[in-house]
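First comes the structure, then the notes that go with it.
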Amino acid sequence: MPLDTGLAAATVSAPDALRIERGPRTGQPIIISLDTTGPGPALGGCRVKPYLSWRDGLDDALRLSAAMTDKAALAGLPYGGGKTVVALSPATAAHYAGTRRGDLLADIGEAIESLGGRYITGPDVGTSCEDMAVVARHTRHVLCRPPHAGGSGDSSAPTATGTLACIDAVRARVFDGCPASELTFAVQGLGHVGVLIADALARQNATLTVADTNPDRLRLASRWHARTADPARLLTSDVDILIPAALGGALTPAIVQELRCRAIVGPANNQLADDSVADLLHARGITWAPDPVVSAGGIIAAVAREITRLPEPEVQDLLTAIGERLGTLLDEAAATRQTPLQVAQGWRRASRYPRRVSASPG
Ligand code: NAD
C-alpha cells in the first residue's frame, strides 16, 4: 500500500536505516529506525502509542534508537541500536488495544522479518511480553516473550537488579559506603521497575519518599511505610538519592537549580533534557549516574538468556557488573575532573560505531 506524501518524503534520506511502511492488514504506518547495525543487529523495543502526529512518532523512533546504540555500546554488547514505533492516531488507538491488536502485531512482525535479522525487537511502552509472543508468529527476531512461549519474559527485574547495583556503587563512592538504612531515597514512578527498586530498598530499611501520577500506584506506598509526594515536587525532595523511574527528560536546567539530593541513579531512559544538564549537575556537586549504563540490565539479561544462553549465575554476574561499570566510570570522572556524561561519551566514542542522531528525552 503506498504511503502518503509526508511519509514517503521521510524515507528518502536513509532508506537502509529507516523503514516506514504501512501494515498490509491495518494500514498503520510502522516506523523502524536502525540507528546502528555496525557492531551487530540493532536491538530495541517496539513502542505502540497514540501520537498527535506520525512525525512525533518518527522523532521518538530516531532518538530512542540512538539511545539504544549508546546502551548497547556502554554495556559492551556486540549489537547496534534500533526501535520500532507505531504512531497511532488518538482517534483510532482504542481499536488497536482491542479487536484489531492481533492484526497490528502481525503487521509489525512481518515488517521486522523483512529486515532479515538486522533488527531484534522486544516490548516497550504500549507493548507487552504477551504481545511479543504474537509478533513471534511472524518473525524469529523477538526477545522477551513470556517464559511459557519460549522467551525470557519481563525485563523489569533485571533492570531493577542493575539499578540497585548502581545504587550500591554510588553509596560506596558518594556516601562513604553508608548502608541504605541510613540514607533517604526518592523514587519517581512506581511502575514495573520502580516498585521492584522500592521493594528492595524497603527490605534494606531505607527511608523512602515516592510519587506517581497514577493514584492507584501511589497506594503501594503504605507497604514500604513511605512518605508520598506530589509528583511535581518529588524531584526536589530533601533526600540523599533521587531515583528517576518514570519518563525521560525529567532533569531540566530549571529543576537542577532546585534539587536537594546529592546523587541521582535511576532506570528511566534519557533523563537529561539536554547534555548541558550534566554540567549543571556537576557544578552543583550532584553525582548523576548516566542512564544508558544504569538501565542496561533488561537488555543484558534478555541477550544473555535468549541469544548467548548463559547459565543463570553468569547472567546474575553480568547484572552485578553493571554496578562495577558505573563505579569505574565515576572513578574516572573524579580522577579526570570530567562529568560522568563526558566519560560515558568518551567510552561511547571509543566503541567505534558512530550513531546517526543524538539521543534526547524519550
Ligand atoms: P512503567 O510504565 O511500568 O512505569 C512508569 C510509572 O511512572 C507509571 O506508574 C507512571 O504512572 C509513572 N509516571 C509517569 N510520569 C510520572 C511523573 N511525572 N511523576 C511520577 N510518576 C510518573 O515503566 P517501567 O517499565 O517501570 O520503566 C520505568 C522507566 O525505566 C522508563 O523510563 C523506562 O523507559 C525505563 N526502562 C525500563 C526498562 C524495563 O525493563 N522495564 C528497561 C530500561 C529502561
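If you read the sequence from its start, that first residue is 1, and numbering goes on from there. In each ligand, atom 1 is the first atom listed, and ligand 1 is the first ligand listed.
- With Ile197 as reference, Leu164 is the one residue of Leu164, Thr159, Thr161 to meet the side chain to side chain contact (heavy atoms under 4.5 Å, CB included) rule.
- Residue contacts with ligand 1 include Pro231, since one of its heavy atoms falls under 4.0 Å from the ligand.
- Ligand 1 has no nitrogen or oxygen under 3.5 angstrom from a nitrogen or oxygen of Gly298.
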Let me have the donor-acceptor pairs involving side chains of residues 146-157, under 3.5 Å, with sequence neighbours excluded, atom names and distances please.
residue : atom : partner : partner atom : Å
Ser152  : OG   : Glu306  : OE2          : 2.5
Asp154  : OD1  : Ser156  : N            : 3.0
Asp154  : OD1  : Ser156  : OG           : 2.8
Asp154  : OD2  : Ser156  : OG           : 3.2

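- Each of the atoms 39 (C), 40 (O) of ligand 1 lies under 4.0 Å from some heavy atom of Ser155.
- Of the residues Thr92, Asp103, Asp107, the one that meets the side chain to side chain donor-acceptor pair (under 3.5 Å) test with Thr26 is Asp107.
- Using a 4.0 Å cut-off to heavy atoms of Ala268, the atoms of ligand 1 that qualify are 29 (C), 30 (O), 32 (O), 35 (C).
- Of the listed options Ala211, Gly126, Gly266, Ala245, Ala245 places a heavy atom closest to atom 28 (C) of ligand 1.
- Shown in contact with Arg217 at under 4.0 Å from a heavy atom are these atoms of ligand 1, numbered in order with element: 9 (O).
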Scan the side chains in residues 174-195 for donor-acceptor partners under 3.5 Å anywhere in the protein, sequence neighbours excluded, and list what turns up.
residue : atom : partner : partner atom : Å
Thr184  : OG1  : Asp240  : N            : 2.9
Thr184  : OG1  : Asp240  : OD2          : 3.2

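- Counting heavy atoms under 4.0 Å from ligand 1, residue Thr159 touches it through the side chain alone.
- The atoms of ligand 1 that sit less than 4.0 Å from any heavy atom of Ser295 are 43 (C), 44 (C).
- Using a 4.0 Å cut-off between charged side-chain N and carboxylate O, Arg223 and Asp199 make a salt bridge.
- For ligand 1 and Ser156, the ligand atoms under 4.0 Å from any heavy atom of the residue are 40 (O), 41 (N).
- By the 4.0 Å N-to-carboxylate-O rule, Asp60 lies too far from Lys83 to be salt-bridged with it.
- Under the 3.5 Å distance criterion, with hydrogens and angles disregarded, a donor-acceptor pair is assigned to the side chains of Arg19 and Ser114.
- Between the choices Asn214, Asp212, Leu220, the shortest heavy-atom distance to atom 11 (O) of ligand 1 belongs to Asp212.
- Contact annotation for His192 and ligand 1: heavy atoms of both the backbone and the side chain come within less than 4.0 Å of the ligand.
- Neither the backbone nor the side chain of Met68 comes within 4.0 Å of ligand 1, counting heavy atoms alone.
- If you check the side chains of Arg348 and Ser351, you find a donor sitting under 3.5 Å from an acceptor.
- Heavy-atom separations between Arg233 and ligand 1 are all 4.0 Å or longer.
- Between the side chains of Thr209 and Ser237, no donor-acceptor pair of N or O atoms lies under 3.5 Å.
- Residue-ligand proximity, Ala246 to ligand 1, at heavy-atom distances under 4.0 Å covers atoms 7 (O), 13 (N), 14 (C), 15 (N), 16 (C), 21 (N), 22 (C), 28 (C), 29 (C), 31 (C), 32 (O).
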